[in-house]
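What follows is a set of notes on a single structure, which appears directly below.
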Amino acid sequence: MSEPAAAPMLRVAGVHKRFRRDEVLKGIDLDVAAGEVLCLIGPSGSGKSTLLRCVNHLESIDDGHIWVDGQLIGYRDAGDRLVELPEREICRQRAAIGMVFQHFNLFAHLTVLENVIEAPVAVRRVPRGEAVRLARELIGRVGLAEKADAYPARLSGGQQQRVAIARALAMQPKLLLFDEPTSALDPELVGEVLEVMRALADDGMTMVVVTHEMAFAREVGDRVAFIDGGAIVEEGSSSEVLVAPRHERTRAFLARFVGTR
């Protein structure tokens with residue numbers, strides 16, 4: 001099943017996800033245009049991270065559809081039902097969907113440069129010389145050119161997360177997902193990671209960001225969706241949702257967690 005050419009970069013339609021009897025996502029509908037930054041906010045356990053994992057099919061869905069750049073993710077349409085794709089095909093789709101996790105997940109035995117070239121060489125079969133050239137460019141882009149030959153243990157948490165961003169970019173994704181990328185960092189290191197993300201947004205990268213950094217969401221997010229109990233309670237521009245929320249639940253969340261409104 002394919003979407004028309006004018007479809008958004010990401011379309012989530014009627015997505016449900018259950019873990020045994022616990023329904024974590026309850027019919028999520030969401031569009032993200034090419035070049036747009038969508039920030040997902042909400043309390044812990046509301047389904048934000050699960051939604052991201054469903055987008056790149058790290059979690060299967062129980063109902064609904066997800067398209068990235070017009071391609072149905074994780075499944076093929078068999079007429080009256082959806083059939084899950086083979087793992088090889090799912091991995092091919094994931095190559096176009098970068099993901100940056102809370103924890104950096106770098107290979108400790110590889111240098112920064114080796115971490116960044118690993119997936120392009122192993123998955124995309126990019127020639128090593130070309131992969132190294134691109135990796136050095138990306139490592140410089142995240143402000144770590146002098147750390148290319150360092151091992152992760154020699155880097156701060158903020159530096160490791162910037163390497164993780166470079167690694168995701170090395171696959172040249174169409175869509176970049178961030179799952180609370182600053183939550184594991186010491187407060188003084190948060191800014192350096194957010195600055196890289198701001199630059200990506202300025203360059204037109206399509207991004208979906210799960211975050212509790214409301215200043216970032218307000219400044220960089222084109223839109224914000226507040227998720228609670230597995231459903232989107234409120235969605236709109238960052239100024240609409242964060243400055244003048246319509247729903248009492250959104251107002252209560254913002255007042256409790258960020259001291260605004």
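All values below come from the heavy atoms of this structure, side chains included, with hydrogens, waters and symmetry mates left out. Numbers for residues simply follow the sequence, beginning at 1.
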Does any N or O in the side chain of D186 come within less than 3.5 Å of the main-chain N or O of E188, such that one atom is a donor and the other an acceptor?
no
Evaluate side-chain contact (heavy atoms from CB on, under 4.5 Å) for E235 paired with L30, printing each intermediate quantity in order.
CA-CA 9 Å; E235 179 186 355; L30 203 59; 3.7 Å; yes
Give the minimum heavy-atom separation between V163 and L155, together with the two atoms involved.
CG2-CD1, 3.9 Å
Classify the angle between the aromatic ring planes of F107 and H109 as parallel (below 30°), tilted (30 to 60°) or perpendicular (above 60°).
perpendicular
Side-chain donor/acceptor pairs under 3.5 Å, residues 227-234, sequence neighbours excluded:
residue, atom, partner, partner atom, Å
D228, OD2, R249, NE, 2.7
E234, OE1, R246, N, 3.4
E234, OE1, H247, N, 3.1
E234, OE1, T250, OG1, 2.8
E234, OE2, R246, N, 2.7

Say you draw a straight line from CG of L25 to CZ of R53; how long is it, rounded to the nearest 0.5 Å?
12.0 Å
Return the CD1 to CG distance between I139 and L134, rounded to the nearest 0.5 Å.
9.5 Å
Is the shortest heavy-atom distance from the side chain of Q102 to the side chain of P181 under 4.5 Å?
no
How about V209 and F216: do any of their side-chain heavy atoms sit closer than 4.5 Å?
yes
For residues I117 and A131, report the shortest heavy-atom separation together with the two atoms involved.
CG2-O, 3.6 Å
Do L194 and M99 share a hydrophobic cluster (ILVMFWY, side-chain heavy atoms under 4.5 Å, transitive)?
no
side-chain contact (heavy atoms from CB on, under 4.5 Å) evaluation trace for M214 with L242
CA-CA 8 Å; M214 297 303 154; L242 298 176; 3.9 Å; yes
Strictly distance-based, threshold 3.5 Å: is any side-chain N or O of Q93 a donor or acceptor partner for the main-chain N or O of L72?
yes
Are F101 and L176 grouped together when hydrophobic residues (ILVMFWY) are joined by side-chain heavy atoms under 4.5 angstrom apart?
no
To the nearest 0.5 Å, atom CG of L38 lies from atom CE of M9 at 14.0 Å
Taking the side chain as every heavy atom from C-beta outward, state whether V220 and M197 have any pair of such atoms under 4.5 Å apart.
no
Hey, does the side chain of D31 reach the backbone of P8 with a donor-acceptor pair shorter than 3.5 angstrom?
no
Tell me whether V55 shares a hydrophobic cluster with V37, the cluster being built from Ile, Leu, Val, Met, Phe, Trp, Tyr side chains joined at under 4.5 Å.
no
Looking at every non-hydrogen atom in both residues, tell me the closest pair between A78 and V83 and how far apart they are.
CB-CG2, 3.7 Å
Taking the side chain from S156 and the backbone from Q159, do they hold a donor-acceptor pair closer than 3.5 Å?
yes
Salt bridge flag under 4.0 Å for residues R167 and E118
no
Is it true that atom CZ of R124 has more than 12 heavy atoms of other residues, nucleotides or ligands lying nearer than 6.0 Å?
yes
Rounded at 0.5 Å granularity, tell me how far CD in E59 sits from CG in L51.
11.5 Å
Are more than 12 heavy atoms, taken from residues, nucleotides or ligands other than R128, located less than 6.0 Å from that residue's CZ atom?
no
Going through the distances and angles, do L40 and F178 end up as a side-chain contact (heavy atoms from CB on, under 4.5 Å)?
CA-CA 10 Å; L40 303 178; F178 291 86; over 6 Å; no
Say whether, by atom type as modelled, one donor and one acceptor occur between the side chain of E89 and the main chain of P86 under 3.5 angstrom.
no
Looking only at heavy atoms, which two atoms of F253 and P43 are closest? And how far apart?
CE1-N, 3.4 Å
Do you know which two heavy atoms are closest between V32 and E36, and how far apart they sit?
CA-OE1, 3.4 Å
Side-chain heavy-atom pair I165, V193 within 4.5 angstrom cut-off
yes
Could you check T50 against F19 for side-chain contact (heavy atoms from CB on, under 4.5 Å), going step by step and ending with a plain yes or no?
CA-CA 11 Å; T50 298; F19 293 105; 4.1 Å; yes
In Å, rounded to the nearest 0.5 Å, how long is the span from CG of L52 to CG of L177?
5.0 Å
Nearest non-hydrogen partners of I73 and H57, listed with the distance:
CG2-CB, 4.2 Å
Same cluster or not: are V116 and V142 linked, directly or through other Ile, Leu, Val, Met, Phe, Trp or Tyr residues, by side-chain heavy atoms under 4.5 angstrom apart?
yes
From H103 NE2 over to Q161 CD, what is the distance, rounded to the nearest 0.5 angstrom?
10.0 Å
Can R141 and E137 be counted as an ion pair, charged N to O under 4.0 angstrom?
no
Do the side chains of I28 and L10 join up, straight or via other hydrophobic residues, at under 4.5 Å, putting them in one cluster?
yes
Give a yes or no answer on whether the side chain of N115 reaches the backbone of L110 with a donor-acceptor pair at less than 3.5 Å.
yes
Side chain K48, main chain I41, donor-acceptor under 3.5 Å
no
